[in-house]
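Written out below as C-alpha cells is the structure these notes cover.
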Amino acid sequence: MHEVPLLINITLALIVAFLGGVLARRIGLPTIVGYLLAGIAIGPFTPGFVGDLDTIQQLAELGVIFLMFGVGLHFSFQDLWNVRDIAIPGALIQTAFATLLGFGLSQYWGWTPLAGLVIGLAISVASTVVLLRGLMDNSLLNTSHGQAAVGWLVMEDILSVLILILMPTFASNSGSFDWANLATTLLKSAAFIAIMFIGGTRLLPWLLEKIAHTRSRELFILAILAITLGTAMSASELFGISLALGAFVAGAIISQSHLSHQVGADLFSFRETFSVLFFVSVGMLVNPAFLWENIGHVISLSALVVLGKTIIVILMGFFFPRPARTFLVIAVGLSQVGEFSFILGQSGLSLNLLETDQYSLVLAAALISITVNPFMYKLLPWMETQLRRIPGFWKKLDANTHILEIKKDELVNHAVIVGYGRVGKHMVDVLETLSVPMLVIEADAERIASLNERGVPTLYGDASNSEVMTHANLDRARVLVVTVPDETSAQLIVTAAKDINPELPIIARATSEEGIDRLTQLGAQDVIHPELEGGLEIVRHALLKLDFPVSEIIRYMDAVRHDRYNTQINTQEEHRLLHDLIHASSGIEVTWLSLDANNSLVGRSIQDANLRALTGASVVAIMRKGQLIANPKSYVIFEAEDRVGFIGDQEQIEAAEQFLAKSTSDEAGVEWET
Ligand code: AMP
C-alpha cells in the first residue's frame, strides 16, 4: 500500500483538532484553545505522532487567506465611522502603547530591536474571532459599548494590514533604514489596492452576478474560490505583497456586492476547515519544554497582554467623552491576542526577524489570554464595583459622561424610558402619538441625535450610572420603563430608581429567567422577557394554523406566562393546559370547567345533574387526575377537582356557566377558564 502523506496529515490534524475543540467547549473555553493544544499534541516537540509541519503549513496558508478574506468581507467603514470619535484615536494610542510595552519587555530580555518590534506589534492587535464571540456570549454586541469595541477592532484591522505591508521593509534593511524599499512597498501596495478598487469593484461583483444567474451553486462557489485565491496569489506573485493582504482586499471588494452574504455563507465551511488547520499549524510550532524553561517570560508577556492592555484602555477613559463602562468593555474585549498576532508573527518568522522560540512566546501569550478572556467578562461587574470604591478615580473616569441640561420644570408626570433600541423605540412611538410627556435616556450619541430631531427630550449617558439617573426627575415621574438588554445594567438602573423614588412603578426588560426573579426582587412591578414573548407569539400563530381553538391557546399562553414570570410556582398548570389543548383539537371547541370540593355538583351523577336539559350544553369529557374520561356515561359521578368539558353554542355555554355558578357555594367552586 503506498502512503498518502498529505491525506494522513490532514486527517490526523482534523481529528485531533476536533477532539481538542470538543474538550475546550466542554470546559467552557473557546474552541481555538483546543485547536492550538491539538497542534502542540501533534507537533515535533511532544511525543507520539508528529505531523509534517511543511504539509500542514501549506494548507494553513489557505486558512490565512480565508480568514483574511472573511475579515475583509465583514470589514465595515460604517461600523468604524459610527464610533470614529473613540475608535480611531483609541486604537492608534492603544496599539502604540502596547507595542512600546512589548518592545520594552523584549529589550529587557536582550532581544534584537527588530524582534522586539515584531513582538510588540503582534501583541498589540486583538483577535476579531475572540472579540465577537466574547461580546455575543455576554449579550454586549448590540450595546453601545459593544459597538465601540467593534469599531475599535476595525481600526486595529486596518493597522494590522498596514503592518503586514510594512513588515518586509523592516526585514530588508541592514543597519540603516531602507527608505527606497519602504517607498517601493507602499507604491506596490497602493497600486494593487487602486487597481482592485477601481477595476475589481466593477468586475468582481458583475462576474458574481452573472454566475448567480446561471443558478449553479457549484459554479458560484467555484467563482468565489477562484476570486479569493486568484486575488491573493496575484497580490503575492505580481506585486510582491502578502497573500493575507490580497485576500483582505478581495473580501473588502466583495463586501460591497449585494451577494456578499451568500458569499460569506458559501465560504463558511472552507474558512472554518482551513482556519482550524491554521491554528493547528500554529500550535505545532510551540515547544512546551522551552515555554516551561522560560515560564517567567511566558507569564510576563501574558500579563502584558491581559493586564497591560486592559489598564491602557481603562486609563484612556479619562480622555474621551464616553461612559466608563464603555472603556471597561473595550478593555476586557481586547485583552487578548489571536489570529492577527499569529499572522504577524509568522510573517516575522519567514522574514527572519523572529526566531521560532520567540514566536512560541507569542503563541503562549495568545493561548493564555484567549483562555482567560471569558473569565475577564465575568470580572466586569467586580472591576466596576472596585473602581467605584475609589470615588475620585471613578468620577474622573466617568466624568465625561455628557449630561444634557433639561429644563427640570417641564419634566412632570412623565414616563422615563431607558434605551431607544429595538424595544424602546415602540414605547417612544406610542407615547409620542398619545402626547404623553417622556424623557429618553440613551447611551448612544447617534440615537440621541435622531431623538432630538424628533423633538423628544433626552438624557445622554449610561443609565446604570446612578449620577445620570438623578437627572431624570424620577421623583416626579409616573413610570420608568427599562428596555436595556444588559441585565446587570437593568439591575443597577432599577436599584438607583428605587432609591430616588420608592413608589415609582417600574417596567423592566429581562434577558434570562433568573433575571426575571432578580429584577422583581429589586422592585420592578412588571418584568418582560422579550424572547419568551416572541416564542409564545410563534407558538400562538403555529397552533392557530394547526386549527387549535383560540380560547384554549390563550389559556395555555396565560398559564405559561404565569408560570415563567412567577418562577416560585411549578409548571403543572402549564402541562395540564397543554394536555387539554391536545384533546381539544378535534375541530369542536370544548370549554373546560373546574369543580372544586365546594361545588354542589360534586357527588352527583351526570344524569342527576340534568345539565343538558337545563342549559342545552353537553358534557363530552371529564379530566380526572390526569386521565381523560371521554364521552362519560350518565351514571358517572362528579368528583372534586374534576375538569368538565362542555360543547354547545355560545348561548348554551353561557347558560351552563350561569347554572354552575349558582350551584357553587360561597367560596366559588366553579371557575370558567375561557
Ligand atoms: P435594543 O436591544 O435594540 O432594544 O437596544 C437597547 C438600547 O439601549 C440601545 O440603543 C443602547 O444604546 C441602549 N442602552 C443599553 N445600555 C444602556 C445604558 N446602560 N444606558 C442607556 N442606554 C443604554
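All figures in this text were calculated on a predicted structure; none of them were measured in a lab. Each ligand, and each atom within it, is numbered from 1 in the order the structure gives.
For ligand 1, the atoms closer than 4.0 angstrom to any heavy atom of Asp462 are 18 (C), 19 (N), 20 (N). When each atom of ligand 1 is checked for a heavy atom of Asp444 under 4.0 Å away, the hits are 12 (O). When each atom of ligand 1 is checked for a heavy atom of Ala463 under 4.0 Å away, the hits are 18 (C), 19 (N), 20 (N), 21 (C).
Geometrically, ligand 1 and Val423 share a nitrogen or oxygen pair separated by less than 3.5 Å. Considering backbone and side-chain N/O of Val484, none are found under 3.5 Å from N/O of ligand 1.
Arg518 has no carboxylate O lying under 4.0 Å from a charged side-chain N of Glu514, or vice versa, which leaves the two without a salt bridge. Here Arg322 does not pair with Asp462 in a salt bridge; the nearest charged N to carboxylate O distance is not below 4.0 Å. Residues Arg509 and Glu487 are not paired through a salt bridge, judged by the lack of any N-O separation under 4.0 Å between the basic side chain and the carboxylate.
Using bins of under 30°, 30° to 60° and over 60° for the plane-to-plane angle, the ring pair Phe318/Phe393 lands in the perpendicular bin.
Judged purely by atom type and a 3.5 angstrom limit, Glu513 has no side-chain atom pairing as donor or acceptor with the backbone of Arg564.
Contact annotation: for Arg447 versus ligand 1, heavy atoms closer than 4.0 Å belong to the side chain alone. The side chain of Arg509, and not its backbone, has at least one atom closer than 4.0 Å to an atom of ligand 1 (non-hydrogen atoms only; side chain from C-beta on).
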Pair up each side-chain donor or acceptor in residues 247-261 with any protein partner under 3.5 Å, not counting sequence neighbours, and list the distances.
from: Ser255; atom 1: OG; to: Ala252; atom 2: O; distance (Å): 2.6
from: Ser257; atom 1: OG; to: Leu259; atom 2: N; distance (Å): 2.9
from: Ser260; atom 1: OG; to: Ser257; atom 2: O; distance (Å): 3.3

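With atom 11 (C) of ligand 1 as the reference point, the heavy atom nearest to it among Glu442, Gln147, Lys425 is part of Glu442.
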